[in-house]
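Within every chain, numbering begins at 1; the chains are lettered A, B, ... in the order of the sequence lines, protein sequences first and strands thereafter. Side-chain atoms are counted along with the backbone in the values below, which use heavy atoms only and exclude waters and symmetry mates. Please read all numbers here as calculations on a predicted model, not as lab measurements.
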Amino acid sequence: MKGLVLNHYYAIEKGIKSSVAAVAVLVIAALVIQEDWALRFAVFLPFLLIPVHAFEVLKRDVLSGWNRFEITLPVKRKQIVQSKYATFLLLLLVSLALPMVLYTAVHFLIEPVFTDIVFNFLMRGMGLVLCLAAIVYPLTFKWGTEKSDMIFILSLAFSFGTFGGVSGLLALVIGTPDWYDQVFSLVFLIVALASFAVSYMLSQRIYKKKEF
Amino acid sequence: MTEILEVNQLKKTYPESAFSLDAVTFSVPAGSITGFIGENGAGKTTTMGAITGTLHKDGGSVKVFGEPMDGTKDHLKEQIGVVFDSMNFSGELNPMQLSNVFSQIYSRWNRERYVHYLNLFKLPGKKKIGSFSKGMCMKLSIAVALSHDARLLILDEATSGLDPVAREDVLEVFSAFVRDGERAILLSSHITSDIEKVADNLIFIKNGTILLKVRKREVFETFALVQCEEGELERLDRRTVLAYRHTADGVDVLVKEKEKLPQGVRTRDFSIDDMTLLLMKGETDEGSRTESLLRY
C-alpha cells in the first residue's frame, strides 16, 4: 500500500505544498493580529484547503487510467481503497498538525493562544471534512468522477446537515449549558468519525464489484 | 509445451449491451508470442480485462502458470506485466518517481533494468509524464512491464502510437523477452504487420467469438489466398474454404490445405492483414458470417 500512497502523493504534491504554504502564512498572520475571529478562522482553514487534495486523486486516477492499471498490480482491491482513505487521513493529520505546531509555539514562546474555542474549532473542522470524505469516496466509486459536482454538493449537504442535526439534537437532550460548545464539538467529531468508518466499509463493498 | 496462460470457456456479458464473450478458449504456450486479432469491439480488451481482473468474468476459467487466476493472488500478478492502449500513469509524475512507486509495489522491481529501457526508448527520467506523447507513454508502459521480472506480458494495443523506428525497437524487445522459452506474450494490435513480424500463434476474434486459432508458420505453409472469377469458386473443395469475399476483380478466397487446390487456380501472396480482412469481412458458403463455419 505504501507505493499506492506514494503515487497519490506525487500526483498531488504540488497542490499540497502550495496549500500548506498558504495555510502557514495565514495562520501566522492570524497569530500576529490576535483577533478572535482570525484565530478561529486560522484553525479552521487547513481543513478546508489541505485534505480536499485527496479527493483530487480520485479524478486524476480516472483521467490518467491509473485506476484501471492499479487493479493489475500485485495489490488487492481492499488495499487500493485503503490507500485512498489513508491519503486522506494523512492530509487530515497535516491539517491538524500545522495549526497545532504554530499555536503551540506561540502559546509557549510569546503568549497563551490555546483556548477552548480553538480546540472546539479544531474538532469541528475535522468533523466537517470527515463528513465530506464519508460521502465523496463511496459515491465517487459508485457513480464515477463525471458526477463529481453533484457528489460534492451532496457531501456538503451531508456535512452541514450532520453539523446542524447533531447540534439540534444535542440541544434538545442536554439544553444549552455553558459547556455545550465543548460537548457538541466532541459529539460532532465522534459522529463524523463513525460516518467515515461506515463510508470506508461501503467503499470496500462498492470497489470489490467495480469494473474498469 | 508448458502453457503460461490458459483461458477456458470464458464468458462475459455487460448489462445494457448485446455484446458477450462466448466461451472464449485459448492458451498461450511458454516461449511464444500470441497475436490477438480482431476489429474494434470484437472482444480483445474484454478478454484481456477478464484475464487481468479489471473485469469480472461471468463464467469459465483463467489459469496463469497452471494456477487459477483471481484478483487476490498477488504472487501471480507479480509475474504479469500489463500494458493498456491508453495512458496508465498520472501525468504529474516523472519516470523516476514512477520507479520509486513501483519499487514499493513489485517485490522484484529492477531499477537498473528500468533505467536501461528508459535509455533504450529514449525517455527522459525527470520529465513529467503529462508532457509525453502517446508513443512515449506506450514506451514507458512497456518499460514498466519489462522491469519487474514478469513471465507473462498482456499487451493491449501496445504498439499503437509508436513511430516505425520505435515499433521496430519494441518488437525486437518482445522477441527477446520470450527467447529463453520461459516467458510468453499475449499481444493485441490493430497493426497486424506488427503481429506478423513477431507472433508465433494467431487468434482471430469477432463479436466475442474465437474464429480461428492457428500457428503463424502453418498459415504461410498451408494456407493460400486464391483469386478467382465468380464462377470459379465452385471448383474449390468447400471444406478447405475458410472465407471468401467479393471484390471488384472477382472473389478472394482464403483456403487451408492449399495442396488440395485444383490445377490452374491463381493464388497470390498474402499478409496477415489480408487474412484478417477476409475473416472479418468475408462470407462462408452458407452466406453466414465466417464465425459460424470456424467456431471452436
Side-chain angles (χ1 to χ4, degrees), chain A residues 1-19 52-84 86-87 90-91 141-145 204-212, chain B residues 12 14-15 45-46 48-58 69-109 128-130 137 141 144-145 148 150 152-154 156:
Chain A
M1 194 179 71
K2 251 164 73 181
L4 298 178
V5 175
L6 183 62
N7 185 59
H8 295 157
Y9 171 70
Y10 283 142
I12 52 175
E13 183 182 10
K14 207 171 149 191
I16 295 172
K17 283 181 177 166
S18 312
S19 296
V52 289
H53 288 293
F55 305 149
E56 208 182 307
V57 165
L58 300 175
K59 271 190 193 171
R60 285 178 189 265
D61 281 359
V62 172
L63 277 176
S64 64
W66 175 261
N67 65 335
R68 179 163 67 137
F69 184 74
E70 68 185 337
I71 297 288
T72 71
L73 299 175
V75 291
K76 295 174 179 63
R77 285 181 181 232
K78 193 177 168 183
Q79 290 171 303
I80 292 173
V81 175
Q82 271 171 7
S83 74
K84 313 230 187 254
T87 302
L90 286 172
L91 292 180
F141 293 147
K142 184 79 184 168
W143 293 343
T145 51
Q204 286 288 6
R205 207 178 265 198
I206 293 166
Y207 215 78
K208 201 174 168 185
K209 293 179 184 161
K210 200 169 168 64
E211 296 197 313
F212 299 88
Chain B
K12 173 70 189 167
Y14 295 99
T45 300
T46 299
M48 288 178 161
I51 294 168
T52 57
T54 61
L55 297 171
H56 298 294
K57 58 184 186 289
D58 295 331
M69 170 74 180
D70 77 54
T72 61
K73 292 186 174 166
D74 292 350
H75 67 285
L76 293 181
K77 287 158 107 185
E78 281 271 0
Q79 300 177 73
I80 303 174
V82 181
V83 176
F84 292 123
D85 58 343
S86 52
M87 168 106 145
N88 294 331
F89 314 119
S90 170
E92 292 300 311
L93 276 71
N94 66 45
M96 293 321 294
Q97 287 175 322
L98 205 57
S99 175
N100 297 339
V101 169
F102 286 125
S103 66
Q104 299 289 334
I105 292 175
Y106 287 109
S107 61
R108 290 199 292 270
W109 179 255
K128 274 190 181 181
I129 297 167
C137 286
S141 298
V144 169
H148 56 87
L152 169 65
L153 296 186
I154 294 177
D156 190 4

_Under 4.5 Å from any heavy atom of chain A - which part of B:Thr46_ = neither

*Side chain, backbone, both or neither: which part of A:Glu70 has a heavy atom under 4.5 Å from chain B?*
neither

*Region of A:Leu4 in contact with chain B, defined by heavy-atom distances below 4.5 Å*: both

*Partners meeting ring-ring contact (aromatic ring centres under 6.0 Å, His included) with A:Phe55 (sequence neighbours left out)*: A:Phe88, A:Tyr137

*Has B:Lys73 got more than 12 heavy atoms of other residues, nucleotides or ligands less than 6.0 Å from its NZ?*
yes

*Which value, rounded to the nearest 0.5 Å, describes the distance between A:Tyr9 atom OH and B:Asn100 atom CG?*
12.0 Å

*Consider only side-chain N and O atoms of A:Tyr10 and B:Asn94, and report whether a donor and an acceptor are under 3.5 Å apart.*
no

*Shortest non-hydrogen contact between A:Leu6 and B:Gln104, atoms and distance*: CD2-CG, 4.5 Å

_Minimum heavy-atom separation for B:Ser90 and A:Ser64, please, with both atom names._
CA-CB, 3.6 Å

*B:Phe102 and A:Trp66 aromatic ring geometry - parallel, tilted or perpendicular at 30°/60° bounds*: tilted

*Just wondering, do A:Thr72 and B:Phe84 contact through their side chains at under 4.5 Å, heavy atoms?*
yes

_Please enumerate all residues that pass salt bridge (charged side-chain N to carboxylate O under 4.0 Å, His left out) together with B:Lys128, with sequence neighbours excluded._
B:Glu92

_Residue-level contacts of residues 205-212 of chain A with chain B, using a heavy-atom cutoff under 4.5 Å_ = A:Lys208, A:Lys209, A:Lys210, A:Glu211, A:Phe212

_So, using salt bridge (charged side-chain N to carboxylate O under 4.0 Å, His left out) as the criterion, who are the partners of B:Asp85 when residues are at least two apart?_
A:Arg68

_Contact check, side chains of B:Ile105 and A:Pro74, non-hydrogen atoms, under 4.5 Å_ = yes

